[in-house]
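Worth saying up front: this structure is predicted, and the values here are computed from it rather than measured. Excluded from the calculations below are hydrogen atoms, water molecules and symmetry mates; all remaining heavy atoms, backbone and side chain alike, are included. So that the names make sense, note that chain A is the first sequence line, chain B the second, and so on, each numbered from 1.
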Amino acid sequence: MYPYPSGPAHQGHVRNYTFGDLVVRYQTMQGKAVLSPLGFDSFGLPAENAAIRTGTHPRVFTDARIAELKESIVRLGAVYDWRREVRSHDPSYIHWTQLIFLRLLKAGLAYRAHAPVNWCPGCQTVLANEQVLPDGRCERSGDVVETRDLEQWFFKITTYADELLAGLEGLEWPERVKVMQRNWIGRSEGAEIALEVVGRPDLTLTVFTTRPDTAFGMTYAVMAPEHPLADELTTAEQREAVAELRARAASESEIQRTAAAEGASLEKRGVFTGSWVVNPMNGERIPLYVADYVLMGYGTGAIMAVPAEDQRDWAFAQLHGLPVVRTVAPPERWEEQGGEAYSGDGVKVNSGFLDGLRVAEAKEAAIEFLEREGRGCRKVNYRLRDWLISRQRFWGCPIPVVHCSVHGAVPVPEDQLPVLAPDDVEFLPSGQSPLALHEGFKRATCPVGGEPAVRETDTMDTFVDSSWYFLRFCDPFDAQAPFSPAAVVRWMPVDQYIGGIEHAILHLMYARFFTRALVDVGLAPPDLPREPFRRLFTQGMIRMDGSKMSKSKGNLIAPARYYESVGADALRLFHLFVGPPTDDFDWSDQTDDVIEGCGRFLDRLWRLAERAPSPDGRSGVLSGTDVRVRRATHRTIQQVTGDIERWSYNTAVAHCMEQVNLLQRYAQDDPHAEVLGEALDALLHLLAPMAPHVTAELWERRHADRLHGRPWPQFDDALVIEETVTMVVQVNGKVRDRIGVPAAIGEEEARAAALASARVADALGGATPVRVVVRAPRLVNVVTADG
RNA sequence: GCCCGGAUGGCGGAAUCGGUAGACGCGGAGGCCUCAAAAGCCUUUGCUCGCAAGGGCGUGCGGGUUCGAGUCCCGCUCCGGGCACCA
C-alpha cells in the first residue's frame with residue numbers, strides 16, 4: 001500500500017485496508033510468510049497549494065497529514081510492518097529515485113526533447129497524456145489543458161510497448177483492466193508508404209496505414225497541421241488558407257482537438273496545399289491536403305486517404321468533392337441501405353494485381369509489392385507515447401541534472417546525490433515554482449568542465465516515486481542501493497495487489513514499465529520477474545450522492561466516529577458485509593443502521609462467548625442436537641474458508657452470523673460443553689481476520705493465550721456431509737411437496753417416496769405420470785402428458 | 001458508434017455445476033421484559049386471492065432450448081464504466 005496522505009482516512013481507505021488486512025491475516029493463519037508494508041506517496045500538489053495558501057512548508061503540511069492518516073489506519077487494526085515504512089519525500093528515498101533517473105538516462109531510457117506538451121493552467125505544470133481526461137481536461141483540477149511547446153524530460157516507455165502488451169496475458173488481473181491497458185497501448189499493424197511529391201524529386205511524404213490493401217483507392221493524401229513539411233509543400237496561392245488552419249489547430253491541445261470532434265459527423269476542417277503526390281500503386285496524381293483530423297503524434301503525421309473504405313475520409317471527400325474509388329466490394333445493397341465507407345472484409349476490386357483476393361491476403365500482397373518496389377515497408381504503430389515526467393513544481397523529486405552552456409544537460413554525479421530542494425523558499429501564488437526563483441539552488445557547477453551551470457528546476461511526476469516503492473519495501477534498510485537483488489527476488493512479484501480502478505492505466509502501467517527498465521539497466525537482477533503484480537484485485541468505490549468519496553469532494557466520512565461508537569471491528573465487518581468487494585457502494589442515510597447492525601452482531605458474539613465454556617454445560621454422550629451443532633460448525637468452517645478464497649467476504653460474514661444465531665439458540669437449551677466450546681473456538685478463528693480485536697480478546701478470556709498466530713481451522717470431511725436433506729417434489733416443474741430424506745437415498749427410493757406423497761397425488765388429480773425425473777436426494781419432478 | 005459490466009422484496013444483497021428464488025443484514029409490524037423507556041429476546045415480513053387449508057403470480061422486457069431457467073441461447077430496454085478522428 002502506498003496511499004497519498006490526504007489527512008484522516010476516508011471510507012474508501014477503510015474498505016481497502018480492511019480487504020488487505022483480511023488477506024494478510026488469513027494467509028498468515030494459512031502458514032504463509034506475508035510481507036505487508038505501508039508507505040506514503042507523499043509528494044504532490046495539494047501540499048504545495050496549501051503552502052501557497054497558508055505559508056506552511058509542504059513538508060510540515062505533509063508530515064501532519066501522514067500522522068493523521070497513519071493514526072486512522074493503526075486504529076483500524078490493520079497489520080503492517082511499520083519498520084518498512086517509506087516516504088517519497090524522505091531524502092533517503094529521493095536519493096534512490098534520482099539514482100534510478102540517472103541510470104535510465106545513461107541507458108537512453110530517459111531523454112530530453114522539445115515537444116508539444118499538455119499544460120494545465122490550474123496546476124501550473126505540464127501533464128502526462130495519461131493525466132489528461134478524454135474531454136481534454138486535467139484529471140486533477142478539471143481545467144482545460146493547453147498545448148505548449150516546451151523542452152521536457154521523458155521516459156521511453158514506448159520501448160516496452162510490445163512487451164507491456166504481451167505481458168498482460170499471463171496476469172491474473174480483471175479483464176477490464178487488461179482491456180484498458182491494451183487500448184491505451186493501441187498496437188496497430190500496417191505499412192508505411194513513401195509518396196513521391198510531383199515536381200519535388202528531393203522530397204517524399206511518408207504515410208502510415210493499417211490498410212495497405214486499399215492503396216489503389218487512395219484519391220488524396222492529408223498531412224497534420226503541425227507536419228514539418230507542411231510549410232514547404234504549401235504553394236504561394238494556398239499559403240494564407242493553410243496558415244489560418246494551422247494557427248487554429250495550434251491554439252487547441254491535441255486531445256481537445258480529437259475530443260471536440262464527435263466521430264465523422266462534424267466538418268473535417270482542411271485545406272488544399274496546392275501540392276500533388278503520386279499514388280504508388282497506379283501512378284495517379286492526387287491532391288495533398290492539410291487537415292486537423294490527422295494528428296502529428298500518431299504514425300507519421302500524414303495519411304493516405306481512401307474515402308471508400310474509411311468513414312472519416314469519406315466525410316472529408318464529400319465535403320471537398322474528392323473522388324471515391326471502392327477497392328473492396330461492399331455487401332449486397334450496401335449503398336441502397338445508406339452505406340457509405342465500407343471497412344469490412346470482402347473481395348478486392350479496382351486494385352490491379354490485388355483483384356479477387358480477400359482483404360487479409362491483399363494486405364500481405366500489397367506490403368510485398370511496396371517492399372519490392374522500395375516504396376514502403378511493414379510497420380507496427382502504437383498509440384502509447386513516451387511518459388512526460390517533468391513538472392514545474394516544488395514539491396516533488398528534483399531532477400538531478402545541471403545545464404551547462406558548454407556541455408548541455410549534464411547528469412549530477414551519483415556520489416553527489418541526493419539533490420534536495422532548499423528549505424528557504426517562498427511560496428507565491430505566481431504560478432512559478434519556488435525552485436525556479438531560488439538563485440542559490442539554481443547556481444551550480446558543470447560536473448564535466450567546471451563551468452558555471454544552472455541547475456534543473458523541474459521535479460519529477462509523482463508517479464515516478466510510486467513506480468518502484470514496492471521494490472524498496474522488500475529491502476528499505478539498504479543504505480548503499482535502492483534495494484538488494486536478493487531481497488527483491490525473494491519477495492517479488494507481489495502476490496496480491498489491491499487498489500481502485502482509477503489506477504488501471506497510470507500507476508499500473510508505469511510500475512510495469514519501471515520493473516522492466518530497472519532490470520534492463522542493471523539496477524534490479526535479471527531473475528526479477530518482469531511483471532510486478534501477479535494478481536490484482538480492484539475494489540469498488542464508495543460513492544456519496546453519486547460521486548466518489550474524497551477529500552476534494554468534501555463528502556468524506558471519517559472512520560473515527562465509528563471507532564468511538566461501535567469500534568473498528570464493527571466498521572470492518574460492515575465493509576466486508578455490505579456487498580461484493582468489487583461493487584461500488586452508495587453511502588446513504590441507512591448506512592449507519594447497517595454499521596450498528598454489525599456492532600449488534602459482535603455484541604451477541606460477545607455475550608455468547610462469555611458464557612462458555614459453560615461450567616454447567618453437559619458432558620458425556622452427544623445428543624442428536626449436539627451432533628447437528630457439530631455438523632453446523634464444520635460446515636461453517638468449510639463455507640467461510642471457501643468464501644474467503646473466492647473473495648466473497650459478504651457471504652463469509654453472513655455464514656458467521658448464521659452460526660451465531662444457531663449457537664445462541666443452542667446455548668439457551670442445555671448445551672454440551674465441548675460441542676459449544678468447539679463451535680465458539682472455530683468461530684473466533686474464522687472471524688479473526690475480519691474482526692481482530694474482539695476475537696483476540698474473547699480468545700484470551702477463554703484460553704489465556706493468543707489467537708494471533710494460530711493456524712486456520714480445518715473441517716472434518718465426515719461432518720460436512722449432511723445426513724438428512726430436504727427433497728423437493730415437483731409436479732410439472734412446480735414445487736408441490738418437500739420431504740425429509742436420508743442424504744444417501746437411492747434413485748428408486750426417492751421416486752417411490754415422491755409418488756407416495758399425498759400432495760403429489762392431489763396435484764396429479766388422477767393424471768398419469770409419463771416421466772419421473774429423479775435427482776436424488778435433492779429433487780424429483782413428476783411430469784404428466786399435458787404438463 | 002465500438003467494447004465491457006449490471007438490472008432479483010421497501011433497501012443492501014444471497015442462490016458456487018441448469019434443480020427449494022429471496023440466505024444474511026437493514027427497515028417495517030406485533031409481542032415478551034419494564035412503572036415507563038433504552039437494551040435485549042421472541043414472532044412475522046416478495047406480491048396477491050382466501051376465514052383457513054390452500055391457490056395464483058414473481059428475478060428489467062419479448063421470444064427460445066429444457067422435465068425444469070435468476071442461471072443457457074436469440075432479440076430488445078434502461079443504468080454504470082471504458083474507448084472513440086489512432087489512419
S.K.: Under 3.5 Å between N/O atoms: give me all the protein pairs with nucleotides 57-60 of chain B, atom names plus distance.
M.R.:
from: B/C57; atom 1: OP2; to: A/Lys734; atom 2: NZ; distance (Å): 3.2

S.K.: Sub-3.5 Å donor-acceptor pair from the side chain of A/Thr273 to the main-chain atoms of A/Leu288, do we have one?
M.R.: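 It does hold such a pair.
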S.K.: Go ahead and name the base partner of B/G68; Watson-Crick or wobble counts if both distances stay under 3.5 Å, otherwise write none.
M.R.: none
S.K.: In this structure, how many angstroms lie between the P atom of B/A87 and the CD atom of A/Glu189, rounded?
M.R.: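 Rounded to whole Å, this separation is 11 Å.
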S.K.: Both distances below 3.5 Å, Watson-Crick or wobble geometry, any strand: find the nucleotide opposite B/G80.
M.R.: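 By the stated definition (distances under 3.5 Å), B/C4 pairs with B/G80.
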S.K.: Can you measure A/Asn781 atom CG to B/C67 atom P for me and round it to whole angstrom units?
M.R.: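 Going from A/Asn781 (CG) to B/C67 (P), I get 10 Å.
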S.K.: Using a 3.5 Å distance criterion without hydrogens, assess whether the side chain of A/Arg15 forms a donor-acceptor pair with backbone atoms of A/Gly540.
M.R.: yes
S.K.: Using a cut-off of 4.0 Å on non-hydrogen atoms, how would the nucleic acid contact of A/Arg759 be classed: base, sugar-phosphate, or nothing?
M.R.: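 Touches sugar-phosphate only.
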S.K.: Between atom CG in A/Leu295 and atom P in B/A84, what is the gap in whole Å?
M.R.: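 Atom-to-atom, A/Leu295 to B/A84, this comes out as 11 Å.
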S.K.: Can you tell me, in whole Å, how much space there is between the C1' of B/C72 and that of B/A23?
M.R.: 24 Å
S.K.: Provide the distance between the two P atoms, one in B/G62 and one in B/G80, to the nearest whole Å.
M.R.: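 It works out to 23 Å between them.
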S.K.: Of the nucleotides B/G27, B/C24, B/G19, which one has an atom closest to the side chain of A/Glu658?
M.R.: B/C24
S.K.: In Watson-Crick or G-U wobble terms, both distances under 3.5 Å, what is the partner of B/G30?
M.R.: B/C42
S.K.: Name the orientation of the base relative to the sugar in B/G9: syn if the glycosidic angle is within 90° of 0, else anti.
M.R.: syn
S.K.: Would you mind reading off the distance between A/Glu175 atom CD and B/G82 atom C1', rounded to a whole angstrom?
M.R.: 13 Å
S.K.: Given B/G25, B/C67, B/A87, identify the nucleotide with an atom nearest to the side chain of A/Arg775.
M.R.: B/C67
S.K.: Does the side chain to side chain donor-acceptor pair (under 3.5 Å) test come out yes or no for A/Asp386 and A/Thr158, once each step is laid out?
M.R.: CA-CA 6 Å; A/Asp386 279 339; A/Thr158 51; 2.6 Å; yes
S.K.: Quote, to the nearest angstrom, the C1' distance that separates B/U59 from B/G6.
M.R.: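 The same atom, C1', in both gives a distance of 13 Å.
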S.K.: Hey, is the side chain of A/Arg176 pairing donor to acceptor with the base of B/G82 inside 3.5 Å?
M.R.: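 Counting by modelled atom types and ignoring angles, no donor-acceptor contact under 3.5 Å is found here.
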S.K.: Does the side chain of A/Arg383 get closer than 4.0 angstrom to OP1 or OP2 of B/A84 through an N or O atom?
M.R.: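 For B/A84, OP1/OP2 do have a side-chain N/O of A/Arg383 under 4.0 Å.
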S.K.: Do the side chain of A/Asp345 and the main chain of A/Val359 share a donor and acceptor less than 3.5 angstrom apart?
M.R.: yes
S.K.: Quick one: does any side-chain atom of A/Arg738 pair with a main-chain N or O of A/Val728 as donor and acceptor, under 3.5 Å?
M.R.: no
S.K.: Atom CD of A/Glu502 to atom P of B/G82: distance rounded to whole Å?
M.R.: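 Distance, rounded to whole Å: 11 Å.
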S.K.: What does A/Gly299 touch in the nucleic acid at a heavy-atom separation under 4.0 angstrom: a base, only the sugar-phosphate, or nothing?
M.R.: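 Touches nothing.
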S.K.: What is the separation between atom CD on A/Gln668 and atom C1' on B/G40, rounded to the nearest whole Å?
M.R.: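 The answer, rounded to whole Å, is 11 Å.
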S.K.: Short question: side chain of A/Gln539, backbone of A/Pro581 - any donor-acceptor pair under 3.5 Å?
M.R.: no
S.K.: Take atom P in B/C11 and the same atom in B/U66, then report the distance between them in whole Å.
M.R.: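 Each nucleotide's P atom is 36 Å from the other's.
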S.K.: Go along nucleotides 7-16 of chain B 5' to 3' and tag each nucleotide: B for a protein heavy atom under 4.0 Å from its base, S when only backbone or sugar atoms are that close, - otherwise.
M.R.: ----SBSSSB
S.K.: Is A/Gln664 near enough to B/C41 that one of its side-chain N or O atoms lies under 4.0 angstrom from OP1 or OP2?
M.R.: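 For B/C41, OP1/OP2 do have a side-chain N/O of A/Gln664 under 4.0 Å.
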S.K.: Looking only at atom C1', what distance separates B/G56 and B/U71, rounded to whole Å?
M.R.: 24 Å
S.K.: Does B/A39 have its OP1 or OP2 closer than 4.0 Å to a side-chain nitrogen or oxygen of A/Arg607?
M.R.: no
S.K.: Taking only N and O in the side chain of A/Arg600, is any of them less than 4.0 Å away from OP1 or OP2 of B/C26?
M.R.: yes
S.K.: In whole angstrom, give the distance that lies between atom CH2 of A/Trp606 and atom C1' of B/G40.
M.R.: 17 Å
S.K.: Output the rounded distance in Å from CH2 (A/Trp173) to C1' (B/C4).
M.R.: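 Whole-Å distance recorded here is 17 Å.
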S.K.: Tabulate below the donor-acceptor pairs under 3.5 Å that side-chain atoms of residues 763-776 of chain A make, not counting sequence neighbours, or state none.
M.R.:
none

S.K.: Compute the ring centroids of A/Tyr649 and A/Tyr26, then answer whether they are less than 6.0 Å apart.
M.R.: no
S.K.: Please tell me if A/Arg771 has a side-chain N or O lying less than 4.0 Å from either OP1 or OP2 of B/C67.
M.R.: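 So the side chain of A/Arg771 is within the cut-off, an N or O lying under 4.0 Å from OP1 or OP2 of B/C67.
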S.K.: Take A/Glu502 and A/His507, measure what side chain to side chain donor-acceptor pair (under 3.5 Å) needs, and give me the verdict at the end.
M.R.: CA-CA 9 Å; A/Glu502 68 274 14; A/His507 166 61; over 6 Å; no
S.K.: Look only at the side chain of A/Lys379 and the backbone of A/Gly299, and say whether a donor-acceptor pair between them is shorter than 3.5 Å.
M.R.: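 Answer holds: no.
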S.K.: Work out how far the C1' atom of B/G58 is from that of B/U48, and round it to whole angstrom.
M.R.: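 Per the computed distance, 10 Å lies between those C1' atoms.
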S.K.: Please state the C1' separation for the pair B/U8 and B/A15 - nearest whole angstrom.
M.R.: 10 Å
S.K.: So A/Glu309 and A/Thr327, side chain to side chain donor-acceptor pair (under 3.5 Å) or not? Walk me through it.
M.R.: CA-CA 8 Å; A/Glu309 275 96 34; A/Thr327 75; 3.0 Å; yes
S.K.: Syn or anti for B/C17, please, going by whether the chi angle lies within 90° of 0.
M.R.: syn
S.K.: May I ask you to decide if the ring planes of A/Trp587 and A/His575 are parallel, tilted or perpendicular, using 30° and 60° as cut-offs?
M.R.: tilted
S.K.: Side-chain N or O of A/Arg736 less than 4.0 angstrom from OP1 or OP2 on B/G55?
M.R.: yes
S.K.: Map A/Asp603 and A/Met657 onto RNA chain B by nearest heavy atom, then report which one ends up closer to the 5' terminus.
M.R.: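 The residue closer to the strand's 5' end, by nearest nucleotide, is A/Met657.
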S.K.: Assign each of A/Val594 and A/Trp184 to its nearest nucleotide of RNA chain B by heavy atoms, then name whichever residue's nucleotide is nearer the 5' end.
M.R.: A/Val594
S.K.: Out of A/Phe316, A/Trp314, A/Tyr298, which one pairs with A/Tyr293 under the ring-ring contact (aromatic ring centres under 6.0 Å, His included) rule?
M.R.: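 Considering A/Phe316, A/Trp314, A/Tyr298, a ring-ring contact (aromatic ring centres under 6.0 Å, His included) with A/Tyr293 is found only for A/Phe316.
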S.K.: Determine the contact category for A/Val735: base if any of its heavy atoms lies under 4.0 Å from a base atom, sugar-phosphate if only primed atoms, P, OP1 or OP2 are that close, otherwise nothing.
M.R.: sugar-phosphate
S.K.: Considering only atom C1', compute the distance from B/C4 to B/G54 and round it to an integer number of Å.
M.R.: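 Between the two C1' atoms, the distance is 47 Å.
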S.K.: Which base sits across from B/U20 as a Watson-Crick or G-U pair, both distances under 3.5 Å?
M.R.: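 Pairing partner: none.
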S.K.: Watson-Crick or G-U wobble partner for B/C35, using a 3.5 Å limit on both distances?
M.R.: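 Across all strands, not a single nucleotide pairs with B/C35.
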